[in-house]
Every structure is written in structure tokens, then in C-alpha cells.
Amino acid sequence: MTRQPRSLRIGNASGFYGDRFDAMREMLTGGELDVLTGDYLAELTMLILGRDRLKDPGAGYARTFLRQLEECLGLARERGVRIVANAGGLNPAGLADAVRQLADRLGLPVRVAHVEGDDLTAANPGSLAAHAYLGGFGIAACLREGADVVVTGRVTDAALVTGPAAAHFGWGPGDHDRLAGAVVAGHVLECGAQATGGNYAFFHEAARSGSDLRRPGFPLAELHEDGSCVITKHPGTGGFVDVGTVTAQLLYETAGARYAGPDVTARLDTVRLTQDGPDRVRIDGVRGEAPPPTLKVGVNRLGGFRNEVAFVLTGLDIEAKADLVREQLTDALAKSPPAEVRWDLARTDRPDAPSEETASALLRLVVRDPSQEAVGRALSGAAIELALASYPGFHVLAPPGKGSPYGVFEDVYVPQGGVDHVAVLHDGRRIPVPPAHDTVVLDEVPEPPLPQSLSHGPTVRAPLGLVAGARSGDKGGNANVGVWVRSDDAWRWLAHELTVDRFRQLIPESGPLKVTRHPLPHLRALNFVVEGILGEGVAAQHRFDPQAKALGEWLRSRHLDIPEILL
């Protein structure tokens, strides 16, 4: 791709492995595009693909991507749209070969390239999959050499945008501000419909205003040479794009003001959002810094085996019923107790309930152990034997099974030069991608000055969500909760009201854990990081909501004293 001054239209057709199958066709037929991206990877996905590869060494990539291409490769070729996706997972070379075979079968002259070098499994003994998060310059090299389809393994989600942008505009590693703008655009696009009204805190307001949220369209960015962009969607598609939907996605799975990646560190505290018309949000002002000297490596391991059973407790004496079954199972498992036993009682019951379901609470037992036998037959036998010998009304949602393997995730770091980042072209040529030569060790950004506190009169005890939106997510064992408001007065209140201590009060689970608050005044937002709340990551299923997807909605439902003038 040669340097061109015009904007680059980059769309997204997948936010995860299993996203809407028809999205690729919808994006290719819905309007003009230059590049169509797809994000298929997540921490849990890498574990799933690792288990697939244990069964079949030729597996390890997202097979749905191939099926999508079977319908859409000719359409993309006809419209001149290049496709960039991380669907290669653990086997990008295998996927590239499969795409070439598909193109040959369809009679399409398509040049397919791939990026490799992220696989560090051999350097991490005992891991199922260990992969470095690569940047976008391998993708850029493939596109500059004429690739029509580029598949990668584990790159950062934003690299799917920074790579095409660097190739199109001729950016180099030192163009930090431009690259940072593309990183922000990529972060907004990466989760698909989350930028167009999906999973949005104020969805009910949008529905009342006429937006159709039943099937949100997928987002695209009109990216400019200076790194600024406009986030939008194809005309006539569902959902909507406004400052709120873009703010929510910017806060998703981020932490402080510095958003570090292998190509650049983007300063989220410099991002400015402006409504640029219906379904159009302009992003500009993004500043970038040199990337850190290390690359993040996601290491997935098999942690052992887990099993669970949910006992249904109905009507009166819920606590006493829970105590009885706990004692019975503790005695039954005493000879060979599992390594980890966790009980959680969810009081979903109501007094004088109009239905049996609403009169019932759930007592959840989760066990883990290196041995499948310790969590399988031993538990299932002990639980089922209680069927006629425990609390009145005894039943379970489903009988426990044999016990299933679970994974654990951790981050490790290697030097930028510790990987062999290579662009493998359609003709077999291999282009090494050098590591970043200009790096800066990450440091905390000094807390910005807060606005003057809101002077207000009477307050009302009410849910935080009447004033604030939130979005939460997971990063390994940590969770982030981004909270934002939509007016300057609300920001003057929130910035002083929602302290770390108040957050701990509202989210008691965070009490014993490290909680860090990051103010982002330009976004009228606070981003909280709760360390360790997810244990060893999503695959370990440490808590009821293992990816913290609804942690923000729980926070919004909590009551506090809100000034009447904000309601």
C-alpha cells in the first residue's frame, strides 16, 4: 500500500470467536470500506484453541473465519476490501494455507499472508499456550507487499487497525501521536457492536429515542493521516453511535491514563470526543509516547479439575437449610477433601413469593483439585446420596458431572527483542519486523486536578446508575470498572463522591483487595482497577461473573445520596 492522503475506512466484523456470523457479509455489502478487520481472540479463546490443538496439531485457529470467507472472499475481492484478522490464533500459518486452498477452490486470485513470532509456548514449560502480544508493523509489512488477506496469531486487538493505518499512511515507529490515535480507534472497534449500542448502560434511553437495538450494526472508523478519526457505522444498520457508546468502549478493559502496547503507549487522558452528526463521533487530540521496553505474554495453563452443584433452597429457614447441607457434604468429603472448596449463598428468594422460583435461594458449591476423581465421582456421589436425607424440598439445578478441566492465566513479560516477529508473504518471502528501538519504562501519570466540587442542596437516596454509566471487564485476574457521566455538573459530583473508599463500600468484594482509581477528566470518567477479584482468570471461574462483565451494572444499582439537581 502506497502513501495516500485520503482517509482510510476500517470496519470490524467480529468482536470475539462466536460473534454474529453474518457480520462479514453485512459489512462488505452495507457501504464503502477499505479494510475489514475481525477480532477472534481473548484470554479464554487461547485456552480453548490450545485444547483443540492437543487433539489435532493442525487445529488451533478460528474455523468460523474460514466459513465466513467461503461466503465473502469473492465479495471482498470484487469490492477491493482487504481483510485483516487475528483468527490464526495458535496456528496462523495453518489458517493462511487453508485460506489459500479456499481461494484456489473458489477460483479467486487472492494473495494471503500471515504474521508469526508470537508463540513462546516452548519457552514456558508446562504451559498449554504462551503467546506474546505483537504490534501492527507485521501486518503493515504484509499489506505493503500487496496482501489481500492477512491473518495473525496473538497481536494486540488494536494492531488490527494500527497495521493497516501504518501501511496506508506510511507511518513509521516514531509517529507516536498518529499511532496512538489508531490505537484508540482500534480499541473502540475491537469489540464490535459494543461501540454501536450493544451492552450499553443507557440502552433504555436509546430505545425510547427510536434506535433499534435488536440487531446493532458493526462499527467502522474513518481514520485520517494525523491519527484522528470518526467512529460511525453503515447507513441503515441498527444501533447507534454517540459520545456515550464510544466512551463506554474506551473504558472497557483499560486501566490508567497510559494504555501501553507494543507499538506505542496511548495517553487516554488526552482523548477528546465530539458528536459530529448522527451516528458520528470524532476522536482527536490523542497523544502518544514510546512503547514500553517489554512485551506482554499471555500464559495459559491447565490448573486442574473443577465441579459444581447448585442446591435450590425454597421457602422458610434458608440459612438453616444451607448450614445443614454444608455440614453433610463436608462430612461426606472428609476422607479425601478437594484442594479447594467454595460455598456461595445467593439470596434470590423473596418473602411471601408469588412463585416457587422467586421463593428460592441458590447455594452454589464449587470444588477444585489436581485430581479429576476428587471433584468428580466423589462429589457427585455424595451430593446425590443426600436426595432423601437432607433439607426439606431438596433438589439441585443439575446433578454434578465428572469434573472438567479448568485453566489459569497469567501475564509475563519479555524484552521487545525477545520474539521473532515476521511477516510471511504470499510468495513465501519472510520479512523480519524489528522491535521498537525507542522505548520508555511505564510510569504512573500524576493524578490530574479535579474540578471544583459541586455545590448542591437536597439529596435523594437513589441508584448511582440514574446519573452514571459503567462498563466493566477482565484482564487476567483483575477487573476494571469504568464509570462516566454526561454533564459537567455530574462530573463535579462524581469526581469527589466516588472515591476508592466509597467504591469499596458499594462493592464489598473489593474490600480486602487493592483498588486503584484513575480519573480521566476529558471523558468525565473514573476507571477503577480491582486486583485479584477474578482469581487466576476467566477460565478458573473464580466468581459468579468470571469475566466481571456485570460488575459495573452491580455498581450502578447500588444506592447513595445523589443531589436532586442531577436527577
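Just so you know, these numbers come straight off a predicted model, no measurement behind them.
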Look only at the side chain of [X] and the backbone of [Y], and say whether a donor-acceptor pair between them is shorter than 3.5 Å.
X	Y	value
Tyr413	Lys296	no
Thr245	Val241	no
Arg471	Gln194	yes
His395	Gly393	yes

Residue [X] excluded, over 12 heavy atoms near [atom1] under 6.0 Å:
X	atom1	result
Glu357	CD	no
Arg326	CZ	yes
Phe21	CZ	yes

For this session: Mind running salt bridge (charged side-chain N to carboxylate O under 4.0 Å, His left out) on Asp212 and Arg214 for me, showing each step along the way?
Result: CA-CA 6 Å; Asp212 186 354; Arg214 293 173 299 174; 2.9 Å; yes
For this session: Applying salt bridge (charged side-chain N to carboxylate O under 4.0 Å, His left out), run through Asp177 and Arg287 and close with a yes or a no.
Result: CA-CA 5 Å; Asp177 290 347; Arg287 302 300 303 272; 3.2 Å; yes
For residues [X] and [Y], is any side-chain donor paired with an opposing acceptor at under 3.5 Å?
X	Y	value
His559	Arg461	no
Arg492	Gln452	no
Asp39	Asn86	yes
Asn480	Ser472	no
Asp226	Ser228	yes

Problem set entry | N-O pairing of Glu308 and Arg306 below 4.0 Å |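 Looking at Arg306 together with Glu308, the answer is yes, because their closest N to O distance falls below 4.0 Å.
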Exercise. Is the shortest distance from a Lys or Arg side-chain nitrogen in Arg280 or Glu222 to a carboxylate oxygen in the other one below 4.0 Å?
Worked result: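 Salt bridge: yes.
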Exercise. Taking the inter-plane angle between the rings of Trp484 and Phe202 on a 0 to 90° scale, is it parallel (under 30°), tilted (30 to 60°) or perpendicular (over 60°)?
Worked result: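 The arrangement is perpendicular - the two ring planes meet at more than 60°.
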Exercise. Below 6.0 angstrom between ring centroids: does that apply to Phe394 and Tyr391?
Worked result: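 So the answer is yes for these two rings.
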For this session: Start with the C-alpha distance between Asp157 and Arg154, add both sets of side-chain angles, then the distance that settles salt bridge (charged side-chain N to carboxylate O under 4.0 Å, His left out), and finish with yes or no.
Result: CA-CA 9 Å; Asp157 301 335; Arg154 179 72 278 187; 3.1 Å; yes
